[in-house]
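All remarks here apply to the structure that follows.
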Amino acid sequence: MIRIYGDCLSGNCYKLKLVTELLGTPHSWKFVTWTDGGTRSEDFLSKVNPAGKVPVLQTNKGEMIPESGAALYYLARDSHLWPSGETDRAQVLRWMFFEQYSHEPYLAVSHSITKGIYKIDDPASKLAELRPDGVRALETMERHLASNDWFVAGAPTIADISLYPYTHTAPAAGFDLDGYPNVMAWIGRVERLLGFVSIEDAIAQTTPA
């Protein structure tokens with residue numbers, strides 16, 4: 001059975017919990033969080049991920065796969081969430097890269113600052129600095145979704161799974177989604193997928209009492 005190391009308070013970790021539930025993939029969850037230094041322990045750095053980050057997927061052969069995108073691919077590679085066409089596969093990667101480089105650095109970081117997960121001296125100034133690129137990311141999604149129900153191939157893929165967590169929490173980061181009706185409709189479609197688990201339920205299921 002695969003094992004996942006992480007903390008679903010992180011949207012990147014939640015992605016892996018979401019995809020395992022959507023696919024019905026048997027797995028165990030090892031709660032490890034950065035907030036108590038768990039990802040910087042010598043044991044974690046030497047045995048799990050020398051980069052000191054979660055999530056990490058451990059295969060049933062004991063191989064470690066850090067980085068959420070790589071782990072999502074591993075989990076979905078033989079499923080309907082990974083398309084068969086080579087161009088469609090490239091488009092999935094395109095949106096996953098977009099999420100990591102043009103979306104997550106602005107929406108996710110804004111969320112962490114707003115929620116007090118990241119402690120900085122002048123949060124208002126940093127949020128103002130991040131806002132234009134966060135808006136640009138949402139506008140890019142809105143334009144694409146104007147003529148597409150899903151990001152690739154007319155069906156849900158791990159591109160949608162990658163983009164959902166920090167888009168869904170955008171309002172808590174100060175981004176009003178009312179001006180993005182196509183994004184809102186897409187969020188609803190993701191949440192109606194069979195097996196969907198909310199981030200709140202994922203946190204409750206994976207965090208030790």
Side-chain angles (χ1 to χ4, degrees), residues 8-19 21-23 55 67-73 75-76 79-83 85-115 117-118 126-202:
C8 282
L9 184 64
S10 158
N12 285 322
C13 296
Y14 168 52
K15 294 171 188 176
L16 271 60
K17 180 62 176 174
L18 179 54
V19 78
E21 295 298 327
L22 292 173
L23 295 176
E67 301 296 337
S68 60
L72 283 176
Y73 162 74
L75 290 166
S79 78
H80 66 282
L81 295 177
W82 180 245
E86 291 300 327
T87 301
D88 288 337
R89 289 176 175 179
Q91 292 291 350
V92 168
L93 294 176
R94 162 214 175 177
W95 285 109
M96 292 173 72
F97 295 153
F98 166 83
E99 190 272 338
Q100 284 289 286
Y101 292 104
S102 301
H103 180 283
E104 191 264 3
Y106 310 106
L107 297 178
V109 174
S110 294
H111 181 268
S112 294
I113 292 171
T114 303
K115 290 294 186 180
I117 298 170
Y118 290 167
K126 186 61 177 179
L127 289 170
E129 175 188 330
L130 295 170
R131 184 168 184 80
D133 285 311
V135 168
R136 190 172 296 112
L138 291 171
E139 289 174 345
T140 299
M141 296 173 67
E142 180 71 9
R143 284 192 296 270
H144 182 75
L145 292 168
S147 55
N148 298 276
D149 285 346
W150 304 97
F151 277 91
V152 180
T157 67
I158 52 174
D160 300 281
I161 305 308
S162 292
L163 284 159
Y164 171 78
Y166 289 120
T167 305
H168 163 69
T169 58
F175 295 88
D176 186 355
L177 293 181
D178 288 344
Y180 305 95
N182 298 320
V183 171
M184 290 288 289
W186 165 78
I187 288 173
R189 287 190 288 274
V190 173
E191 293 175 350
R192 290 191 294 273
L193 291 173
L194 183 64
F196 174 83
V197 59
S198 70
I199 191 167
E200 294 82 9
D201 286 344

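Sequence positions, counted from 1, serve as the residue numbers for this chain.
With ring centers used as reference points, F175 lies 6.0 Å or more from Y106. Ring centroids of Y166 and H103 are separated by 6.0 Å or more, keeping the two rings apart.
Using cut-offs of 30° and 60° for the angle between ring planes, the Y164 and Y14 rings count as tilted.
The main-chain N or O of A172 is never found under 3.5 Å from a side-chain atom of T169 such that the two would form a donor-acceptor pair. Under the 3.5 Å distance criterion, the side-chain polar atoms of R136 are left unmatched by any main-chain donor or acceptor of S102. A donor-acceptor distance shorter than 3.5 angstrom exists from the side chain of D160 to the backbone of T157, with no hydrogens or angles considered.
Once rounded to the nearest 0.5 Å, the distance linking CZ of R189 with CG of L145 reads 6.5 Å. Note that CH2 of W186 and CG of D149 are 12.5 Å apart. Values are rounded to the nearest 0.5 Å. Interatomic distance, CD1 of I158 versus CH2 of W82, reported as 5.5 Å (0.5 Å rounding). Note: L9 CG to S112 OG = 7.5 Å, rounded to the nearest 0.5 Å. Note that the CG atom of L16 and the CG atom of L75 stand 5.5 Å from one another [nearest 0.5 Å]. Atom CZ in F98 sits 12.0 Å away from atom CD in E104 (nearest 0.5 Å).
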Verify side chain to side chain contact (heavy atoms under 4.5 Å, CB included) between H80 and L23, making sure each step is shown before the conclusion.
CA-CA 9 Å; H80 66 282; L23 295 176; 3.6 Å; yes
Derivation of the side chain to side chain contact (heavy atoms under 4.5 Å, CB included) call for E129 and V109:
CA-CA 11 Å; E129 175 188 330; V109 174; over 6 Å; no
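Counting heavy atoms from C-beta on, the side chains of E21 and K17 come closer than 4.5 Å. Side-chain contact between L138 and L107 is present, with at least one heavy-atom pair separated by less than 4.5 Å. Side-chain contact between D133 and P105 is absent, with no heavy atoms from C-beta onward closer than 4.5 Å. Within the 4.5 Å cutoff, the side chain of L194 has no heavy atoms near those of the L22 side chain. In this structure the side chain of S10 never reaches within 4.5 angstrom of the side chain of K15, judged on heavy atoms. Between V190 and P156 there is no side-chain heavy-atom pair separated by less than 4.5 Å. Side-chain atoms of D88 and V92, non-hydrogen and from C-beta on, never get closer than 4.5 Å to each other. Within the 4.5 Å cutoff, the side chain of F151 has no heavy atoms near those of the Q91 side chain.
A159 approaches W95 most closely through the heavy-atom pair CB-CB, 3.9 Å. Nearest heavy-atom pair across V183 and M141 is CG2-CB, 4.0 Å. D178 approaches P181 most closely through the heavy-atom pair O-CD, 4.2 Å.
Applying the 6.0 Å contact sphere to CZ of F196 captures more than 12 heavy atoms from other residues, nucleotides or ligands. Crowding of E67 atom CD: a count of heavy atoms from other residues, nucleotides or ligands under 6.0 Å not exceeding 12.
For the pairing with I187, the side chain to side chain contact (heavy atoms under 4.5 Å, CB included) check across T167, N182, L163 returns one residue only, T167.
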